[in-house]
Amino acid sequence: EKHIGAYQNLALLHEKKGHIKKALNIAKKVLDFEISHPDINHSVGLMSLQLGNFKEGWKYYEYRWKVSPGNKEIWPFGDNPLWKGEKGSRVVLWREQGIGDDIIFLSLLSEVQEMCSSLSVYVDPRLHPLCRRAMPEINFVKDMEELKEVESDYHLPLGSVPGLIRNDISDFDRTVTGYLKADPKRVEAIREELGLEGKIVIGVSWRSFNTTYKTKSIQLRDMGRLFKGLDVVLVNLQYGDVHDEIREFKEAMGIDVLQCASVDNREDLDGLAALIEVCDIVVSTTNVTVHMAGALAKETWVLLPYVANFWWLLERTDSVWYPSLTLYRQPALNDWDSVYASIRKDLETRLKYG
């Protein structure tokens, strides 16, 4: 027993320092003592995915049902069997995680749909206008109740879909670019509302309200050095109440960040998509904005913490999920300065040579 706790802490310590291989080896030692330890199995899954060992990673990822918050989830379909990729059947998929995860899993739907005779999907209703516009042949439902009404042969939680069709790095060659589409009318209306014609527009977002990864947020004022003196217009893509932060930023830096009155960045995701669409580039820490921008195939520069979520793998500057992203990684723990310097340099180059 004592060994398990000690090993678990040691694994966690290495993971926090970014020594993922070492942490994974220690975690697997715990499984020698107690093969079904939920937290350790779950960690093994996340670290395997981070290392790009997808087959093993997705297998252990199923342990999310044994740890919080998954262990409190009531599964909606007691009697229907789980879908294991059977062709030509009627399938329903349901959301179980945050909206960023929803957006990632949406990238797999066109592939899934080709395998099914009918496909119904429950995702966050805020995503419905975007989903229906881009994938009209899929039945998007507003809640679990409506999903249960659908006649189906199989069901599957959305987070279990990659385990069927993304088990090797080569499977990501099938990644769909731009699988969500903004509303062209709203894009034009916003461009007019903000007076962006003929300007270079950069969308910014700097914070995540996800408490698990506290290290991934920065302050808006830290972004000052990225844009100071450049001939660009900044547009706020950050959700939450950031009026004061934007006002202070303007006073301190002399840089304005335009806010779009017609869009609530948190609730109106179709509006957020249109707002992202008017930007030439998005510069953001990892949050829903980045997922949305990636799904829209918008060029996006992402500021990553030293130890990032498994979606971003290790050491890569590109994203296997979103081809339009460039990842800026910290070379050492909490070293945001290097990230700011790299982005500033690339922005200058970009603006100079267009």
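These values consider heavy atoms only, across backbone and side chains, with no hydrogens, waters or symmetry-generated copies.
- Of the possible polar contacts, one joining the Gln330 side chain to the Asp335 backbone as a donor-acceptor pair under 3.5 Å is found.
- Applying ring-ring contact (aromatic ring centres under 6.0 Å, His included) to Trp301 and the options Tyr322, Tyr340, Tyr328 leaves one that passes, Tyr328.
- Glu315 CD: 12 or fewer foreign heavy atoms inside a 6.0 Å radius.
- Around the CD atom of Glu151, the shell of radius 6.0 Å holds no more than 12 heavy atoms that belong to other residues, nucleotides or ligands.
- Comment: Glu299 engages Arg350 in a salt bridge, judged by a side-chain N to carboxylate O separation of less than 4.0 angstrom.
- The line from OH of Tyr60 to CG of Leu46 is 13.0 Å long, rounded to the nearest 0.5 Å.
- Trp206 pairs in a side chain to side chain donor-acceptor pair (under 3.5 Å) with only one of the listed residues (Glu245, Gln238, Gln219), which is Glu245.
- For the pair Asp244 and Arg247, the salt-bridge criterion is met [side-chain N within less than 4.0 Å of a carboxylate O].
- Screening Phe172, Phe105, Phe310 against Trp321 for a ring-ring contact (aromatic ring centres under 6.0 Å, His included) leaves a single residue, Phe172.
- At distances below 3.5 Å, not a single donor-acceptor pair connects side-chain atoms of Ser338 with backbone N or O atoms of Pro331.
- Considering every non-hydrogen atom in both Thr300 and Ala293, the closest pair reads OG1-CB, 3.2 Å.
- Using a distance-only test at 3.5 Å, with no hydrogens or angles considered, no donor-acceptor pair links the side chain of His291 to the main chain of Asp101.
- When atom types are taken as modelled, the side chain of Glu15 and the backbone of Ala11 share no donor-acceptor pair closer than 3.5 angstrom.
- Looking only at distances, a side-chain donor or acceptor of Thr289 sits under 3.5 Å from a matching main-chain atom of Leu237.
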Test salt bridge (Lys or Arg N to Asp or Glu O under 4.0 Å) on Glu348 and Arg344; report intermediate values, then the result.
CA-CA 6 Å; Glu348 286 174 356; Arg344 173 69 191 205; 2.7 Å; yes
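- When atom types are taken as modelled, the side chain of Ser324 and the backbone of Lys298 share a donor-acceptor pair closer than 3.5 angstrom.
- No side-chain heavy atom of Leu93 sits less than 4.5 Å from a side-chain heavy atom of Pro157.
- With values rounded to the nearest 0.5 angstrom, Ile138 atom CD1 is found 5.0 Å from Leu119 atom CG.
- With respect to Asp270 and Arg133, a salt bridge is recorded, a charged nitrogen being found less than 4.0 Å from a carboxylate O.
- Around the CG atom of Asp231, the shell of radius 6.0 Å holds no more than 12 heavy atoms that belong to other residues, nucleotides or ligands.
- Here the shortest heavy-atom pairing between Ala134 and Leu180 reads CB-CA, 3.9 Å.
- A distance of 11.5 Å separates OG in Ser152 from CG in Leu156, rounded to the nearest 0.5 Å.
- From His14, atom NE2 reaches atom CG of Asn25 across 10.0 Å, with rounding to the nearest 0.5 Å.
- Of all heavy-atom pairs between Val233 and Lys199, the closest is CG2-CD, 3.5 Å.
- Listed for the Tyr179 side chain is a donor-acceptor partner under 3.5 Å among the backbone atoms of Ile103.
- Trp65 and Leu82 fall within the same hydrophobic cluster, defined by Ile, Leu, Val, Met, Phe, Trp and Tyr side-chain heavy atoms under 4.5 Å apart, directly or through other members.
- Residues Phe227 and Val283 are in side-chain contact: their nearest non-hydrogen atoms beyond the backbone lie under 4.5 Å apart.
- Judged by distance alone, with hydrogens and angles left aside, the side-chain atoms of Ser107 form a donor-acceptor pair with the main-chain N or O of Ile104 at under 3.5 Å.
- Side chain to side chain, His42 and Glu62 fail the donor-acceptor criterion of an N or O pair below 3.5 Å.
- A donor-acceptor contact shorter than 3.5 Å is absent between the side chain of Asp280 and the backbone of Val232.
- Residues Asp171 and Lys55 are not paired through a salt bridge, judged by the lack of any N-O separation under 4.0 Å between the basic side chain and the carboxylate.
- One finds the CH2 atom of Trp312 at 5.0 Å from the OG atom of Ser319 (value rounded to the nearest 0.5 Å).
- With salt bridges taken as basic N to acidic carboxylate O contacts below 4.0 Å, one links Glu56 and Lys28.
- Linking Ile, Leu, Val, Met, Phe, Trp and Tyr residues whenever their side-chain heavy atoms come within less than 4.5 Å leaves Tyr306 and Leu12 in two separate clusters.
- The minimum heavy-atom distance linking Phe54 with Arg166 is given by the pair CB-O, 3.4 Å.
- Exactly one residue among Ile4, Val67, Ile35, Leu31 makes a side chain to side chain contact (heavy atoms under 4.5 Å, CB included) with Ile40. That residue is Leu31.
- For the pair Trp94 and Pro76, the tightest heavy-atom approach, listed with the atom from each and the gap, is CZ2-CD, 3.4 Å.
- Glu277 and Arg186 are not joined by a salt bridge, as no carboxylate oxygen comes within less than 4.0 angstrom of a charged side-chain nitrogen.
- For the residue pair Gly57 and Ser48, the shortest heavy atom distance occurs at CA-CB, 3.6 Å.
- In summary, the side chains of Ser68 and Asn71 do not present any donor paired with an acceptor at a separation below 3.5 Å, with no hydrogens or angles considered.
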Intermediate values then yes/no, side-chain contact (heavy atoms from CB on, under 4.5 Å), Val92 and Tyr122
CA-CA 8 Å; Val92 294; Tyr122 162 48; over 6 Å; no
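- No side-chain heavy atom of Val290 sits less than 4.5 Å from a side-chain heavy atom of Val282.
- Both Val320 and Ile165 are members of a single hydrophobic cluster when ILVMFWY side chains are connected at heavy-atom separations under 4.5 Å.
- Looking at Val123 and Leu158, their side chains come closer than 4.5 Å, going by heavy atoms from C-beta outward.
- A donor and an acceptor atom, one from each side chain of Glu193 and Ser262, are located under 3.5 Å apart.
- Distance alone, capped at 3.5 Å, is enough to place a donor-acceptor pair between the Lys228 side chain and the Met253 backbone.
- The aromatic ring centres of His155 and Phe77 sit less than 6.0 Å apart.
- Between Arg221 and Glu248 there is no salt bridge, since no side-chain nitrogen of the basic residue lies less than 4.0 Å from a carboxylate oxygen of the acidic one.
- Trp75 is connected to Leu147 through a chain of hydrophobic side-chain contacts under 4.5 Å among Ile, Leu, Val, Met, Phe, Trp and Tyr, so both are in one cluster.
- In summary, Glu137 and Arg132 do not engage in a salt bridge, as defined by a charged side-chain N under 4.0 Å from a carboxylate O.
- The environment of Glu86 atom CD is dense: over 12 non-hydrogen atoms of other residues, nucleotides or ligands sit within 6.0 angstrom.
- A heavy-atom distance below 4.5 Å is not found between the side chains of Leu325 and Asp318.
- With respect to the salt-bridge test (charged N to carboxylate O, under 4.0 angstrom), the residues Lys185 and Asp183 do not qualify.
- Contact check for Leu130 versus Lys181: no side-chain heavy atoms found under the 4.5 Å cut-off.
- Here the side chains of Arg207 and Asn287 are not in contact, with every heavy-atom distance at 4.5 Å or above.
- Side-chain contact between Arg329 and Val339 is absent, with no heavy-atom pair separated by less than 4.5 Å.
- To the nearest 0.5 Å, atom CG of residue Leu275 and atom CE of residue Met292 are 11.0 Å apart.
- Salt bridge annotation for Asp124-Arg126: present, with a cationic side-chain nitrogen under 4.0 angstrom from a carboxylate oxygen.
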